[in-house]
Amino acid sequence: KNQVEQSPQSLIILEGKNCTLQCNYTVSPFSNLRWYKQDTGRGPVSLTIMTFSENTKSNGRYTATLDADTKQSSLHITASQLSDSASYICVVSELTNAGKSTFGDGTTLTVKP
Amino acid sequence: EAGVVQSPRYKIIEKKQPVAFWCNPISGHNTLYWYRQNLGQGPELLIRYENEEAVDDSQLPKDRFSAERLKGVDSTLKIQPAELGDSAVYLCASSLGLAASTDTQYFGPGTRLTVL
């Protein structure tokens with residue numbers, strides 16, 4: 001069964017600090033991996049997408065990495081801001097099966113002043 | 001451009017009552033998804049439409065859930081009768097539908113359902 005595991009489940013950091021969120025997956029065959037940001041009471045919003053041949057992708061202060069060999073990804077947030085407080089969800093899509101996506105349960109990040 | 005619109009935003013009902021959620025996708029998006037998201041978990045796909053055809057409804061509890069997408073635009077998700085375990089956020093998403101595996105899904109704000 002395809003799975004996406006995220007860690008930690010929750011994280012509290014001080015404003016201005018950096019942090020790294022982890023995502024491990026077993027989805028196969030692999031097509032792409034996305035990181036979404038979900039603010040409280042809102043739907044998820046796509047931050048980055050990486051295919052098999054990409055090992056890093058940046059979006060402002062967000063940098064995602066992908067190691068397709070070990071089936072691991074990370075999302076690094078630099079110089080955190082209060083507005084970064086949200087849930088970050090890792091989503092992995094299959095190459096076949098009409099691109100079916102498997103969602104992780106997310107990491108809840110709280111940035112404190 | 002307007003994003004994915006969902007209504008209502010909140011709904012509180014008693015168990016065994018029916019409930020319906022409405023979704024208007026982004027204009028021009030052929031693919032529409034309904035997800036259920038429980039607290040502290042990621043979204044779970046209920047049904048995916050390509051235009052008006054339901055192409056993946058394997059996770060839809062068909063004994064009480066139904067969905068339709070008439071004319072391939074708006075969609076309605078219905079639960080009848082609702083159970084306590086149906087309390088969750090119901091998310092609608094849409095995508096262009098050009099290439100399924102790399103299509104970016106755009107999510108609506110969701111409908112938070114509470115079943116008492």
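Here is the naming used below: chain letters follow the sequence lines, and residue numbers restart at 1 for every chain.
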In terms of heavy-atom pairs under 4.5 Å, which option from A/Gln6, A/Gln38, A/Gln9, A/Arg42 contacts chain B the most? A/Gln38
What part of B/Asp56 gets closer than 4.5 Å to chain A, counting heavy atoms only: side chain, backbone, both or neither? side chain
Heavy-atom closest pair (A/Asp105 atom, B/Gly42 atom, distance to 0.1 Å) is OD1-N, 3.1 Å
Hydrophobic cluster membership, B/Tyr106 vs B/Tyr49, 4.5 Å side-chain cutoff: no
The interface call for B/Arg112 against chain A, heavy-atom contacts under 4.5 Å, is neither
hydrophobic_cluster_shared for A/Val45 and A/Tyr62, side chain cutoff 4.5 Å: no
So does B/Leu116 have more than 12 non-hydrogen atoms from other groups sitting under 6.0 Å from CG? yes
Side-chain heavy atoms under 4.5 angstrom apart, residues restricted to Ile, Leu, Val, Met, Phe, Trp, Tyr: same cluster for B/Tyr90 and B/Val19? yes
Quick one: do A/Leu82 and A/Tyr88 end up in the same hydrophobic cluster if we chain Ile, Leu, Val, Met, Phe, Trp and Tyr together by side-chain heavy atoms under 4.5 Å apart? yes
Does B/Lys62 NZ have over 12 foreign heavy atoms under 6.0 Å away? yes
Between B/Tyr35 and chain A, with a heavy-atom cut-off of 4.5 Å, which part of the residue counts as in contact: side chain, backbone, both or neither? side chain
Portion of A/Ser87 that has a non-hydrogen atom of chain B nearer than 4.5 angstrom: neither
Nearest-0.5 Å distance, OH of residue A/Tyr36 to CZ of residue B/Phe107: 5.0 Å
Does atom NZ of B/Lys11 have more than 12 heavy-atom neighbours, drawn from other residues, nucleotides or ligands, at distances under 6.0 Å? no
For B/Leu91 and A/Gly43, which heavy atoms make the closest approach, and how far apart are they? CD2-CA, 4.1 Å
Heavy-atom side-chain proximity of B/Gln105 to A/Arg34 below 4.5 angstrom: no
Select, from B/Arg9, B/Gln37, B/Glu44, B/Gln6, the one with the greatest count of heavy-atom pairs under 4.5 Å involving chain A. B/Gln37
Closest heavy-atom pair, A/Lys100 versus B/Ser58, reported as atoms and distance to 0.1 Å, is NZ-OG, 4.2 Å
For B/Phe21, does the CZ atom have more than 12 heavy-atom neighbours from other residues, nucleotides or ligands under 6.0 Å away? yes
